[in-house]
Amino acid sequence: MNRRQFLHRSVAAAGSAWLATRSLAAQTQTNSQTMTMTHATAASIPGSIPAPEIAAARFPDDFLWGMATASYQVEGAWNIDGKGESIWDRFAHTPGRIKGAATGDVACDEYHRYRDDLAILKQLHQKSYRFSISWPRIQPSGTGGPNPAGLDHYSRFIDAVLEAGLRPFCTLYHWDLPQGLEDRGGWPNRDLAGYFADYAGILAKHLGDRITVWAPFNMPWSFTWMGYGVGAFPPGRASYADFLKAAHTVSLAQGECFRSIKAASSKATVGSAYGMAPAYPKTDSEADRAAADRYHAMNNVWFLEAAMHGRYPKAFVVDTPYEQMGIRPGDEKIMQAPLDWIGFHYYTRRIVSDAGGTAKPGTGASFGTEIEQDTAAGRDPYTRFHAEMPTEGPLTDAGLEIWPRGIYDLVTRIAKEYNNPIIEITESGCSYLDGPYDKQNGAVPDNRRIDFFRQELAELARAIADGARVRSFHAWTMLDNFEWAEGYTQRYGLTYVDFRDQKRTVKNSGLWYGRVAAANRLDV
Ligand code: IFM
């Protein structure tokens with residue numbers, strides 16, 4: 001079944017869309033119908049964890065249940081209170097770049113509605129809220145003194161997060177670069193490392209009395225690859241050389257940011273929000289196993305190695321790319337930043353084989369926030385692997401395979417490779433297009449999402465039982481929102497948003513996740 005057929009099937013399953021009127025309190029009661037349907041669907045996930053094991057799954061008493069968002073995806077208010085233009089504003093305003101000509105101009109209007117949404121998180125017993133700050137609200141053109149209106153906004157927002165009983169987890173950069181910095185060459189220009197450190201220093205100085213948990217970059221591999229190597233994200237360049245230079249600047253920026261935050265705020269802890277996918281070799285051959293290791297090096301731990309050890313892992317089959325990155329003597333010291341904890345996302349897995357070909361980068365199939373090569377030639381001439389999206393498990397409406405076991409493999413591998421660090425799961429989720437259903441009083445019966453989280457969280461509990469020090473899990477995402485080049489055609493939210501009038505309806509998955517957070521167990 002192709003992606004279009006999946007979308008069609010899901011829309012049909014969603015039923016007619018009209019708005020919920022029930023109170024949240026009424027909705028949070030256990031819905032026995034949901035439970036029955038849920039178990040029926042779970043059976044289709046290969047290797048499903050059986051009900052008794054799910055009931056036995058345990059999380060630490062102080063485990064931080066949370067949700068995540070990102071500024072451009074939810075805030076809207078794209079040009080008010082002195083905010084500068086970001087590369088996503090420019091890209092979305094350029095015809096032909098985003099599905100349905102969508103923009104983030106309004107998105108979920110979170111800039112004005114954050115109090116209401118934080119109240120939902122509170123009612124759902126959440127303990128941690130991961131959000132990002134929009135750099136062009138703070139420094140409209142990317143350099144110079146801060147914009148007071150931007151700082152005031154986030155100061156009020158942080159107060160509201162704390163009042164809702166949530167830990168503020170701040171990502172400094174979730175892809176909305178000030179356009180002024182792109183005009184100076186963007187991330188391939190190594191000066192951006194210093195500008196980023198200045199921005200980080202401003203945030204830590206003004207908000208560091210209340211924010212103690214910071215992640216410099218969301219998914220650094222994805223935005224450098226998709227923005228500079230492939231061109232599907234802004235600034236829309238497709239140059240392997242630019243990708244390499246951008247990746248190196250980001251490593252330098254990560255180290256500089258770490259020191260800048262620590263210098264401005266003694267309470268700060270700094271970690272990461274990397275995108276990771278466990279890579280399984282296609283065959284047991286030495287070549288495929290080496291290719292899977294190259295995938296892990298390039299996509300999963302490239303920036304982590306740079307931070308923890310001041311070096312890049314062996315991701316390429318030749319030395320040429322390392323020479324093209326613009327590495328200067330002494331850079332290893334700048335890159336190095338002993339992260340206080342390691343944060344990463346899990347969505348799906350990859351099957352990887354040796355390609356040995358001479359592919360041109362960026363001409364393949366799109367899997368969420370990655371573009372892979374889809375011919376036997378491999379993704380590019382240097383990493384020379386072929387990464388596939390398997391279809392053994394069911395696919396989400398975004399076409400990503402569901403593979404709960406992947407989070408166990410990833411967490412235990414990172415725990416082993418990095419000396420059992422504190423781990424934060426910074427994102428995990430799935431897109432399903434279910435909407436309010438009139439035959440259920442306008443509730444959103446997104447049972448497939450409940451199955452997804454239940455199975456995956458049971459695997460996470462297994463990793464914790466086996467010794468991994470995981471302290472949080474952030475579901476992606478609090479609200480349906482702007483899904484980058486896909487516009488509003490994907491819905492990852494645990495709360496449904498009607499973009500015609502901004503009405504929110506907590507989905508059944510959100511209600512379920514709230515009960516999980518309250519009970520600290522999965523059989524709720
Ligand atoms: O929406 C994105 C988010 O911005 C980064 N991680 C993956 C999500 C789903 O694609």
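Between F217 and W135, the gap from one ring centroid to the other reaches at least 6.0 Å. Taking the centre of each ring, F385 and H296 stay at or above the 6.0 Å mark. Aromatic ring centres of F482 and Y488 lie closer together than 6.0 Å.
Relative orientation of the Y154 and F157 rings is perpendicular, given thresholds of 30° and 60° on the angle between their planes. Note on ring orientation: taking the six-membered ring where Trp is involved, the planes of F91 and W88 are perpendicular (angle over 60°, cut-offs 30° and 60°). The aromatic rings of Y72 and W484 sit parallel, their planes meeting at an angle under 30°, below the 60° perpendicular limit. Relative orientation of the F473 and F453 rings is perpendicular, given thresholds of 30° and 60° on the angle between their planes. Using bins of under 30°, 30° to 60° and over 60° for the plane-to-plane angle, the ring pair F233/W175 lands in the tilted bin. Under the 30°/60° scheme for interplanar angles, the aromatic rings of Y382 and Y240 are found to be tilted.
Between D354 and K282, none of the side-chain N atoms (NZ, or NE/NH1/NH2) sits under 4.0 Å from a carboxylate O, so this pair counts as no salt bridge. A salt bridge does not link E332 with R311: none of the charged nitrogens is closer than 4.0 Å to a carboxylate oxygen. A salt bridge between D176 and K83 is absent, with no side-chain N of the basic residue lying under 4.0 Å from a carboxylate O of the acidic one. The pair E424-R130 fails the salt-bridge criterion, with no side-chain N (NZ, NE, NH1 or NH2) lying under 4.0 Å from an Asp/Glu carboxylate O. Here K99 does not pair with E483 in a salt bridge; the nearest charged N to carboxylate O distance is not below 4.0 Å. Salt bridge annotation for E182-R90: absent, with no cationic side-chain nitrogen under 4.0 angstrom from a carboxylate oxygen. Salt bridge present: E110 and R504 bring a charged side-chain N and a carboxylate O closer than 4.0 Å.
Between C108 and D480, the shortest heavy-atom distance links the atoms SG-O, 3.1 Å. In plain terms, the two heavy atoms of P136 and E85 that are nearest each other are CB-O, 4.1 Å.
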Chi angles and distances behind the side-chain hydrogen bond (donor to acceptor under 3.5 Å, both in side chains) call for T69, Y129:
CA-CA 8 Å; T69 58; Y129 181 40; 2.7 Å; yes
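At a cut-off of 3.5 Å, with distance as the only test, a side-chain donor of Y347 or E427 sits close to an acceptor on the other residue.
Distance CZ/F499 to CG/N481: 6.5 Å, rounded to 0.5 Å. If you take OG on S260 and NZ on K262, they are separated by 12.5 Å, rounding to the nearest 0.5 Å. Separation of atoms CG (N147) and CD1 (I138) is listed at 7.0 Å; rounding is to 0.5 Å. Once rounded to the nearest 0.5 Å, the distance linking OG1 of T171 with CH2 of W214 reads 10.5 Å.
Atom NZ of K416 is surrounded by 12 or fewer heavy atoms from other residues, nucleotides or ligands within 6.0 Å.
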